[in-house]
Amino acid sequence: MDVQHVYPEKRLNFPADETRLAWLALLLDAYSIVDQGVEQEIAKEAEAKGRNVACGEGCANCCRIHAAVPVYPLEMAGMAWYCTEQVAGETRQVLITQLEGFEQGDPCPFLVNDSCAVHALRPMACRQFNVFDTPCAEGEDPFYSRREDVLTPSEPFKNTAFRVTLPFYGIVDETDKDIAIKENHIHRQVRVLQQCNWKELAKKMRQFSAQQPSSNE
């Protein structure tokens, strides 16, 4: 199965921005593939074991307790673009303030009123973290307390998604891509979301707002 072409109608699209920012299409393609893999694994659990995902709107426990969310440079670029050019209104105001004041140990700076302000462009790690059957207790990390209830991502989908992003890192030859995936090259690029300098993003958002005819702030 060529997972790059499963359910293409579910892919997010920002046509004008994808034309302007070539890397954005790579990221959206990758996220579509990851999402398809997650859907497939959830469907398998439902069919084989009658299990349902416990995560839902307003459930933000993992956003508060996970202190080492992996994020890749391309994902950081996507989050920065989305925050700067897509997030608006009151959410934008709150997000800027949180980014400016963020300190390690705080809940995720993108968590606004128990919702992810960058949900459409959230990292792969967040997209793949799903818990079955029982909602998390306050402060619980089910990956350690009940690993059997945490979704295991599909390796074929995950690797295909990472492969799609490789041109962003200068890897365009198909053989080189095979080697990069086999040798986990992409994972050497990983950062920890909570350790990034998000104050710079807040500054960029303020500058962008100031340049607009009708300010978002």
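The basis for the numbers below is simple: all heavy atoms, side chains too, and nothing from hydrogens, waters or symmetry mates.
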Under 4.0 Å between a side-chain nitrogen and a carboxylate oxygen: does that hold for [X] and [Y]?
X: D35; Y: R11; value: no
X: D106; Y: R64; value: no
X: E39; Y: K44; value: no
X: E183; Y: K177; value: no

Legend entry - Aromatic ring proximity F129/F143, centre distance under 6.0 Å: no

Under a 3.5 Å cutoff, is there a donor and acceptor pairing between the side chains of [X] and [Y]?
X: T134; Y: R146; value: no
X: H185; Y: Y169; value: no
X: Q93; Y: T97; value: no

Gap separating the [atom1] atom of [X] from the [atom2] atom of [Y], nearest 0.5 angstrom:
X: C136; Y: D141; atom1: SG; atom2: CG; answer: 7.5 Å
X: M76; Y: L121; atom1: CE; atom2: CG; answer: 13.5 Å
X: I186; Y: R163; atom1: CD1; atom2: CZ; answer: 12.5 Å
X: W198; Y: E103; atom1: CH2; atom2: CD; answer: 15.0 Å
X: M124; Y: F157; atom1: CE; atom2: CZ; answer: 13.0 Å

Legend entry - cation_pi(R127, Y31) dist<6.0 Å, angle<=45: yes

Legend entry - L12 with V87, same ILVMFWY side-chain cluster at under 4.5 Å: yes

How close do [X] and [Y] get, counting heavy atoms only, and between which atoms?
X: A68; Y: V192; value: CA-CG1, 3.6 Å
X: D17; Y: E85; value: OD1-OE1, 3.7 Å
X: V164; Y: I33; value: CG2-CD1, 3.7 Å

Legend entry - Step-by-step salt bridge (Lys or Arg N to Asp or Glu O under 4.0 Å) determination, E100 to R206: CA-CA 11 Å; E100 289 176 333; R206 288 195 183 279; 2.7 Å; yes

